[in-house]
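Report on one structure; see the data block that follows.
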2 protein chains.
Amino acid sequence: MDAPDILKNRGLKVTKIRVAILEAMGESRQALPYSELQKKLSIFDRTTLYRTLLVMIDKGFIHKALEENGDTYYALCSSCTSKVHNHNHVHFKCKECSSVQCLYLQNEIGLSIPEISIETIEITAKGTCSLCRLTN
Amino acid sequence: MDAPDILKNRGLKVTKIRVAILEAMGESRQALPYSELQKKLSIFDRTTLYRTLLVMIDKGFIHKALEENGDTYYALCSSCTSKVHNHNHVHFKCKECSSVQCLYLQNEIGLSIPEISIETIEITAKGTCSLCRLTN
DNA sequence: ACATTAAATGCAACGGTGTTGCATTTAATG
DNA sequence: CATTAAATGCAACACCGTTGCATTTAATGT
């Protein structure tokens, strides 16, 4: 299913920037930093990019995978809807190539702390990705 | 031990802003967002605050507990040195009062994923803190 | 194919943060 | 009290988040 169909299926108008965002993020299969999205989509006004990202987060197409040093990494949601966001996955950042990816886990990670009710858990792991390990 | 002594012990000059930062963060016992630090320390130039935070992170006094929506939360390091950063703790953000705190765990959380070497893990939990639970 | 309309877009503008260079001040030392 | 390396304040620039408003466009019905 291509980008326009995905948008239609979820009741969103098919616009150039939405298709471009989905394609840009689909290619890489990794989380993209805002700065890179901005570059790739520099044809569009940055306000439009900003607002489009808001909409697509709200509709459950994408999510913020990581905020680090002022840069925000966005990733495609493979299992989220506008209502339910499943986050049984880990965000992994490679210290060498700076790539960020979503890793899905078989078993959800649980955590319980006395007196506090925990609703969501986000996990960010850092290390060396498989590609960079081979390169060294 | 008061702020000036802490600074001396770690080989840092005792300056007003460093003392002020340590005291501001010591009082609250919680992570402070940059925006609030900025307000509390508005006597000082913001560049000085910026550079002082860099130094204090580097020396292991404080760490970034959370970056969210462009605001960075800083917390005192209770078990970190300039060489070793222990992060067997969870950063917890209350969705009601927006407070952020470091929770220390008895047992470190481990995570292993094939083909990837993980060096550090950061966990951010969100929910309702004990105080807000009582209030409701 | 065309008109209608709500939604999407582009532009301008403002405030906040990250960052750097440079001149001045200050804390630690002898 | 003099010396000096470090810390500070100021200026400046780029980038991001955000909002208002006028214009354009995608979807819908005729």
Side-chain angles (χ1 to χ4, degrees), chain A residues 2-24 31-74 82 98 100, chain B residues 2-24 31-74 82 98 100:
Chain A
D2 60 348
D5 288 335
I6 297 174
L7 290 165
K8 282 177 199 162
N9 282 353
R10 302 232 212 155
L12 282 194
K13 283 189 182 176
V14 178
T15 67
K16 290 172 190 170
I17 193 171
R18 285 175 187 166
V19 172
I21 288 176
L22 287 180
E23 288 178 345
L32 280 181
Y34 172 83
S35 53
E36 217 168 296
L37 270 173
Q38 173 93 59
K39 269 184 235 158
K40 286 196 179 188
L41 307 178
S42 56
I43 335 154
F44 306 97
D45 187 82
R46 72 187 188 86
T47 309
T48 305
L49 175 57
Y50 165 70
R51 279 193 268 236
T52 306
L53 289 174
L54 282 184
V55 169
M56 296 184 78
I57 288 174
D58 187 55
K59 299 296 182 185
F61 285 89
I62 59 177
H63 65 277
K64 291 183 182 180
L66 177 63
E67 289 185 70
E68 191 178 60
N69 298 326
D71 213 350
T72 304
Y73 290 71
Y74 295 92
S82 56
S98 298
V100 173
Chain B
D2 59 348
D5 287 334
I6 296 174
L7 290 166
K8 283 177 200 163
N9 282 353
R10 301 233 214 154
L12 283 195
K13 283 190 184 178
V14 178
T15 67
K16 290 173 190 169
I17 193 171
R18 285 176 186 165
V19 172
I21 289 177
L22 287 180
E23 287 178 347
L32 281 181
Y34 172 83
S35 54
E36 217 168 296
L37 270 174
Q38 173 94 57
K39 270 183 233 155
K40 286 197 178 186
L41 307 179
S42 56
I43 337 155
F44 306 97
D45 187 84
R46 73 187 188 84
T47 310
T48 304
L49 175 57
Y50 165 70
R51 279 193 268 235
T52 305
L53 290 174
L54 281 185
V55 169
M56 295 183 78
I57 288 174
D58 187 54
K59 299 297 182 184
F61 284 90
I62 59 178
H63 64 279
K64 292 183 181 179
L66 178 63
E67 287 184 72
E68 193 178 57
N69 299 328
D71 213 350
T72 304
Y73 290 71
Y74 294 93
S82 56
S98 298
V100 173

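The sequence lines fix the lettering, A, B, ..., with proteins before strands; numbering per chain opens at 1.
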Nearest-Å distance for atom pair CG/P, residues D45(B) and dA11(D): 9 Å
Shortest non-hydrogen separation from L32(A) to A24(A) and the atoms involved: CD1-O, 3.8 Å
Identity of whatever pairs with dT3(D) - Watson-Crick or G-U, under 3.5 angstrom: dA28(C)
Integer-rounded Å distance: dA7(C) P and L54(A) CG: 16 Å
Base-pairing mate for dG15(C) - Watson-Crick or G-U, with both contacts under 3.5 Å: dC16(D)
Phosphate contact (dT20(C) OP1 or OP2) by R51(B) side-chain N/O below 4.0 Å: no
Sugar-phosphate only, base, or nothing, as touched by T15(B) at under 4.0 Å among non-hydrogen atoms: sugar-phosphate
T52(B) side chain reached by F44(B) side chain, heavy atoms, under 4.5 Å: no
Residue-phosphate contact under 4.0 Å: R18(B) side-chain N/O, dA7(D) OP1/OP2: yes
Rounded distance (Å) that lies between atom P of dA6(C) and atom CG of L12(A): 18 Å
Below 4.0 Å: OP1/OP2 of dC11(C) and any side-chain N or O of T47(A): no
Closest-nucleotide ordering on DNA chain C, the 5'-leading residue of D71(B) and L49(A): L49(A)
Sugar-phosphate, base or nothing in reach of V55(B), heavy atoms under 4.0 Å: nothing
Length of the line joining Y34(A):OH and dT17(C):P, which is rounded to integer Å: 18 Å
D45(A), I43(A), T48(A), L22(A) screened by side-chain contact (heavy atoms from CB on, under 4.5 Å) with I17(A), the one that passes: T48(A)
Sidechain-backbone polar pair: R46(B) side chain, Q38(B) backbone, donor-acceptor under 3.5 Å: no
Any Y50(A) side-chain N or O less than 4.0 Å from OP1/OP2 of dT18(D): yes
Whole-Å distance separating the CG atom of L53(B) from the P atom of dG18(C): 9 Å
Residue mapping more 5' on DNA chain C - nearest nucleotide basis, F44(A) or T72(B): F44(A)
Separation of atom CG in D58(A) from atom C1' in dA8(C), rounded to whole Å: 15 Å
Check: R46(A) side chain, dG17(D) base, donor-acceptor under 3.5 Å: yes
Atom-to-atom span, NZ of K8(B) to P of dA27(C) - whole angstrom: 12 Å
Under 4.0 angstrom between Q38(B) side-chain N/O and dT17(C) OP1 or OP2: yes
Residue mapping more 5' on DNA chain D - nearest nucleotide basis, N69(B) or T48(B): T48(B)
Nearest to side-chain heavy atoms of K13(B), which nucleotide of dA27(D), dA28(C), dT17(C): dA28(C)
Between dG15(C) (C1') and K39(B) (NZ): distance, integer Å: 14 Å
Side chain R10(B), main chain K59(B), donor-acceptor under 3.5 Å: yes
